[in-house]
Amino acid sequence: MRAEGVTRPPAVRTAVVWDALLAELARLGETTGRERLDIVDAGGGTGGFAVPLAELGHTVTVVDPSPDSLAALERRAKEKGVGVRGLQGDLADLADLLDHDDADLVLCHSVLEYVDDPIGAMTAVAGLLRRGGAVSVLAANPVAAALHRALAGHFDEARAALADPEGRWGDRDPTPRRYTAEALSELLAATGFAVGAVHGVRVFADLVPSRLVDGEPGAAEALVALEQVGAGHPVLRDIATQLHVLARRG
């Protein structure tokens with residue numbers, strides 16, 4: 001999945017997502033004939049994805065409701081010597097903030113769990129994309145939530161996460177909803193997207209103690225390689241902390 005000639009940021013927890021993004025950027029570059037693509041990061045916060053994408057030479061706009069996050073984004077971009085436009089708003093505001101058919105790629109990472117209207121949000125994303133453009137969706141997985149609650153000794157909460165339609169483990173759960181691979185694919189298809197493969201993100205990374213990674217030479221690279229294999233495994237994918245899918249506008 002890695003795009004040739006491009007260096008992927010070596011963060012273990014995001015390696016699988018970067019592999020998919022770089023491959024999609026290469027495809028979009030070939031189909032559009034443009035090296036500089038227009039990217040919108042909806043809910044992009046402090047620029048963890050936006051700034052590296054700008055460093056790759058793309059035009060990046062971050063839409064986020066938090067003025068503090070946008071201020072941190074501006075500082076991070078300045079430190080890296082790149083320009084990233086920040087706009088205050090959320091997914092529901094995309095149509096008001098940006099022009100129709102304005103983007104080649106939209107990132108929607110860890111956002112669908114919190115929006116009031118997921119169908120409306122993805123419909124707004126579809127309207128923002130040019131024909132043939134893509135959306136990168138990253139969402140929390142209820143099976144992983146159950147697994148992590150069980151490992152913490154909260155067995156009733158683990159059972160609740162598996163039984164609840166929204167994948168919540170209780171009233172104190174800070175995440176309003178989570179998505180199985182099937183639910184995520186259905187949401188995207190219902191809003192007009194051609195859905196690609198779903199990959200697991202952080203299959204192992206959240207289960208392995210940090211001391212085993214930080215204290216051993218080459219351990220981080222080995223864990224990345226393991227994550228890349230586990231991402232598409234038919235069983236392991238479904239226990240990942242997050243699920244990632246690229247979908248394209250027809």
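- In this structure, the side chain of D93 does not engage the main chain of L97 through any donor-acceptor pair within 3.5 Å.
- Note that CZ of R248 and CG of L105 are 10.5 Å apart. Values are rounded to the nearest 0.5 Å.
- At least one donor-acceptor pair under 3.5 Å links the side chain of H100 to the backbone N or O of G127.
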**Message:** Does D104 form a side chain to side chain contact (heavy atoms under 4.5 Å, CB included) with H58? I'd like the steps, not just the answer.
**Reply:** CA-CA 10 Å; D104 299 298; H58 301 295; over 6 Å; no
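- Using a 4.5 Å heavy-atom cutoff, the side chains of F204 and L236 are in contact.
- Taking E74 as the reference, nothing meets the side chain to side chain contact (heavy atoms under 4.5 Å, CB included) condition, with sequence neighbours excluded.
- Counting only heavy atoms from C-beta outward, the side chains of P52 and E55 approach each other to under 4.5 Å.
- For the pair L107/L53, a side-chain contact is recorded, criterion being any heavy-atom separation below 4.5 Å from C-beta on.
- For the atom pair OG1 (T14) and CG (L21), the distance works out to 9.5 Å, reported to the nearest 0.5 Å.
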**Request:** Give the C-alpha distance, both sets of side-chain angles, the deciding distance and a yes or no for side chain to side chain contact (heavy atoms under 4.5 Å, CB included) between L25 and I39.
**Result:** CA-CA 10 Å; L25 290 170; I39 301 172; 3.9 Å; yes
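- Between N141 and R178 the shortest side-chain heavy-atom distance does not fall below 4.5 Å.
- Residues satisfying the side chain to side chain contact (heavy atoms under 4.5 Å, CB included) criterion with R149, sequence neighbours excluded, are H154, E157, A158, W169.
- By the 4.5 Å heavy-atom criterion applied to side chains, V143 and D238 are not counted as neighbours.
- Within the model, atoms CG of L243 and CD of E182 stand 9.0 Å from one another, a figure rounded to the nearest 0.5 Å.
- To the nearest 0.5 angstrom, R75 atom CZ is 9.5 Å from T46 atom OG1.
- Within 6.0 Å of CD in Q88 there are more than 12 heavy atoms belonging to other residues, nucleotides or ligands.
- Note: the hydrophobic cluster containing V106 does not contain L22 (ILVMFWY, side chain heavy atoms under 4.5 Å, direct or indirect links).
- Scanning all heavy atoms of the two residues, the minimum distance from A103 to V40 falls at CB-CG2, 4.0 Å.
- Closest of all the heavy-atom pairs between H109 and V17 is CE1-CG1, 3.9 Å.
- Proximity of E166 to P176: side-chain heavy atoms (C-beta onward) are nowhere separated by under 4.5 Å.
- Panel note: side chain E227, backbone V203; a donor-acceptor pair is recorded below 3.5 Å.
- Taking V111 as the reference, L91, C108, V115 meet the side chain to side chain contact (heavy atoms under 4.5 Å, CB included) condition, with sequence neighbours excluded.
- Linking Ile, Leu, Val, Met, Phe, Trp and Tyr whenever their side-chain heavy atoms come within less than 4.5 Å leaves V235 and I239 in two separate clusters.
- A pairwise comparison of heavy atoms in L246 and A20 identifies CD1-O, 3.5 Å as the closest pair.
- We find that E30 and R27 are not joined by a salt bridge, their nearest charged nitrogen and carboxylate oxygen being 4.0 Å or further apart.
- D38 places none of its side-chain heavy atoms less than 4.5 Å from the side chain of D102.
- One hydrophobic cluster, built from ILVMFWY side chains closer than 4.5 Å, cannot hold both L94 and L73; they sit in different ones.
- Contacts of Y114 classified as ring-ring contact (aromatic ring centres under 6.0 Å, His included), with partners at least two apart in sequence or in another chain: none.
- Within 6.0 Å of the CG atom in D214, the count of heavy atoms belonging to other residues, nucleotides or ligands exceeds 12.
- Under a hydrophobic-cluster definition in which Ile, Leu, Val, Met, Phe, Trp and Tyr are linked whenever side-chain heavy atoms come within less than 4.5 Å, directly or via other members, L37 and V51 are assigned to the same cluster.
- Side chains of R130 and T32 form no contact here, defined as non-hydrogen atoms less than 4.5 Å apart.
- L28 and G132 make their closest contact through CD2-O, 3.7 Å (heavy atoms, listed as atom of the first residue, atom of the second, distance).
- The side chain to side chain contact (heavy atoms under 4.5 Å, CB included) search around D206 returns R13, H148, R202, T241, not counting sequence neighbours.
- Between D173 and T175, the shortest heavy-atom contact is OD1-N, 3.0 Å.
- Two different hydrophobic clusters hold V245 and W18 under the rule that ILVMFWY side chains link at heavy-atom gaps under 4.5 Å.
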Side-chain donor-acceptor pairs under 3.5 Å in residues 189-197, sequence neighbours left out?
unit_1: T191; atom_1: OG1; unit_2: L187; atom_2: O; d: 3.0
unit_1: T191; atom_1: OG1; unit_2: L188; atom_2: O; d: 3.1

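- Nearest heavy-atom pair across Q242 and S110 is NE2-OG, 3.1 Å.
- For the atom pair NE2 of H199 and CG of D19, the computed distance is 9.5 Å after rounding to the nearest 0.5 Å.
- For the atom pair H244 NE2 and L184 CG, the distance stands at 9.5 Å (nearest 0.5 Å).
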